[in-house]
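Below: one structure, written as structure tokens.
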Amino acid sequence: MSPFTLSIIRIVIAVYVGLCLILLFTQSRQVYVPDRVVEFTPASLDMTYTDISMTTEDGQTITGWFVPAPQGEPADTVLFCHGNGGNIGNNIEPVHAFHKLGCNVLVFDYRGYGRSSGKPSEKGTYTDAYTAWNYLTKQQGVPPEKIIIFGQSLGGPIAAWLTQKVSPKMLVIESTFTSAPDMAAKMFPLLPARFLCRYKYDTRSYLKSIKCPVLIAHSTQDEMIPFSHGKRLFEAANNPKRFIQMTGNHNNTGIDIDTAYQKIFSEMMRAIPASSKTESAAN
């Protein structure tokens with residue numbers, strides 16, 4: 001082998017190792033994309049709300065909003081776990097959708113997002129969600145059977161993790177991946193990304209131990225998280241369960257846009273017949 005060829009091989013190996021190191025030490029920037037500036041509030045869509053501040057068991061301050069159902073009627077409460085980007089201010093539309101469907105909504109920012117203190121981490125996001133659950137059940141006295149846990153994108157594994165620890169009425173997962181290593185392998189197919197991934201966020205595994213009704217929604221046109229992830233999550237979930245096949249890209253679909261999704265969510269919330277337990281619904 002010529003010296004020139006050896007030099008090329010060394011350069012290629014050095015570049016490959018360098019890319020692996022970059023992925024290893026910068027992956028938190030891929031997982032968490034927080035915004036500290038909360039630009040919009042529920043008032044932007046004419047919803048009344050209360051500012052909420054909660055203290056976690058490790059001393060962080062988690063902030064959020066409680067949006068009551070219209071007319072103050074007795075209602076289920078949605079515990080809203082948002083995605084990895086922005087903050088609660090970027091989730092006003094889906095909050096408004098749940099509001100119009102007759103639900104109270106508690107939406108909160110993970111540590112490091114919006115006005116919440118600290119820096120995000122996997123353990124931290126789980127702790128933050130559990131803190132929000134305790135706020136509803138212990139401080140506000142909301143019965144667990146009146147709480148619907150909702151997770152969108154990164155919020156999906158957080159919502160699923162919480163659901164396996166508590167006993168809510170229902171779990172809703174929207175546009176979510178099967179696990180962080182699975183997503184890493186999809187994003188960086190030429191690198192040993194699955195091995196290098198420091199996060200688990202194992203939505204699929206969490207679903208296997210959940211007994212409450214589960215609703216999973218995913219778009220066939222999701223350019224960020226493949227539709228196959230949603231189908232695999234549905235397969236992993238226990239009955240009773242429903243699946244919504246949406247259209248639109250990752251950031252242009254969801255409960256605030258898809259009317260079939262809204263209909264089936266309402267049906268499940270109101271405990272419509274058990275005959276639909278394993279049915280799959282599409283637009």
Side-chain angles (χ1 to χ4, degrees), residues 33 45 76 78-86 88 90-103 105 107 148-163 168-180 182-183 186-187 201-204 206-207 210 212-273 275-283:
V33 190
L45 292 179
D76 290 331
V78 173
L79 175 53
F80 192 121
C81 303
H82 66 69
N84 76 322
I88 54 177
N90 302 111
N91 291 276
I92 299 303
E93 287 83 2
V95 168
H96 191 225
F98 286 123
H99 176 76
K100 290 191 296 182
L101 290 168
C103 298
V105 183
V107 57
I148 297 168
I149 300 178
F150 170 81
Q152 195 274 340
S153 196
L154 179 66
I158 297 169
W161 176 90
L162 177 61
T163 301
K169 177 175 185 175
M170 180 166 70
L171 169 66
V172 181
I173 290 180
E174 180 182 297
S175 305
T176 291
F177 49 83
T178 52
S179 72
D182 287 348
M183 272 302 295
K186 180 262 180 185
M187 294 173 66
Y201 284 121
D202 197 346
T203 320
R204 190 182 182 197
Y206 302 150
L207 280 171
I210 290 171
C212 72
V214 175
L215 175 59
I216 295 174
H218 211 108
S219 173
T220 56
Q221 299 169 335
D222 194 321
E223 79 289 3
M224 293 180 63
I225 302 175
F227 180 69
S228 60
H229 282 237
K231 295 298 290 184
R232 288 169 62 194
L233 291 179
F234 180 70
E235 291 167 1
N238 297 302
N239 290 324
K241 59 185 177 180
R242 297 289 298 270
F243 185 84
I244 304 295
Q245 180 175 304
M246 303 186 293
T247 58
N249 62 37
H250 187 74
N251 293 313
N252 190 33
T253 190
I255 190 73
D256 53 318
I257 296 172
D258 195 299
T259 56
Y261 183 178
Q262 295 169 11
K263 180 177 182 291
I264 292 174
F265 171 82
S266 294
E267 289 178 355
M268 291 186 71
M269 181 174 64
R270 291 170 173 77
I272 299 290
S275 60
S276 62
K277 284 183 178 179
T278 60
E279 180 182 345
S280 176
N283 289 341

Find out whether [X] and [Y] are in side-chain contact, i.e. whether some heavy atom of one side chain is under 4.5 Å from a heavy atom of the other.
| X | Y | answer |
| --- | --- | --- |
| Ser228 | Lys231 | no |
| Asn252 | Ile257 | yes |
| Leu233 | Phe177 | no |
| Arg242 | Phe265 | no |
| Asn249 | Ser219 | no |
| Tyr261 | Leu215 | yes |
| Met269 | Cys103 | yes |
| Phe98 | Asp256 | no |

I'd like to know if the side chain of [X] reaches the main chain of [Y], judged simply by a donor and an acceptor atom lying under 3.5 Å from each other, with no hydrogens or angles considered.
| X | Y | answer |
| --- | --- | --- |
| Ser175 | His218 | no |
| Thr253 | Thr247 | yes |
| Asn238 | Ile210 | yes |
| Thr163 | Trp161 | no |
| Lys186 | Met224 | yes |
| His250 | Glu223 | no |

State, to 0.1 Å, how close Ile225 and Ser153 come at their nearest heavy-atom pair, and which atoms those are. CD1-OG, 3.8 Å
Considering non-hydrogen atoms only, spot the tightest contact between Leu101 and Arg270 and give its length. O-NH2, 3.7 Å
Pairwise distance [atom1]([X]) to [atom2]([Y]) - rounded to 0.5 angstrom:
| X | Y | atom1 | atom2 | answer |
| --- | --- | --- | --- | --- |
| Glu93 | Ile255 | CD | CD1 | 13.5 Å |
| Leu171 | Cys212 | CG | SG | 5.5 Å |
| Ile216 | His229 | CD1 | NE2 | 13.0 Å |
| Ile173 | Tyr206 | CD1 | OH | 11.5 Å |
| Ile92 | Leu45 | CD1 | CG | 6.5 Å |
| Leu207 | Glu235 | CG | CD | 11.5 Å |

May I have the step-by-step check of side-chain contact (heavy atoms from CB on, under 4.5 Å) for Met183 and Tyr201, ending in yes or no? CA-CA 10 Å; Met183 272 302 295; Tyr201 284 121; over 6 Å; no
Kindly indicate, with the supporting measurements, whether the criterion side-chain contact (heavy atoms from CB on, under 4.5 Å) is fulfilled by Phe227 and Asp222. CA-CA 6 Å; Phe227 180 69; Asp222 194 321; 5.9 Å; no
Is Lys263 salt-bridged to Glu267, cutoff N-O under 4.0 Å? yes
Any salt bridge between Asp182 and Arg204, counting N to O under 4.0 Å? no
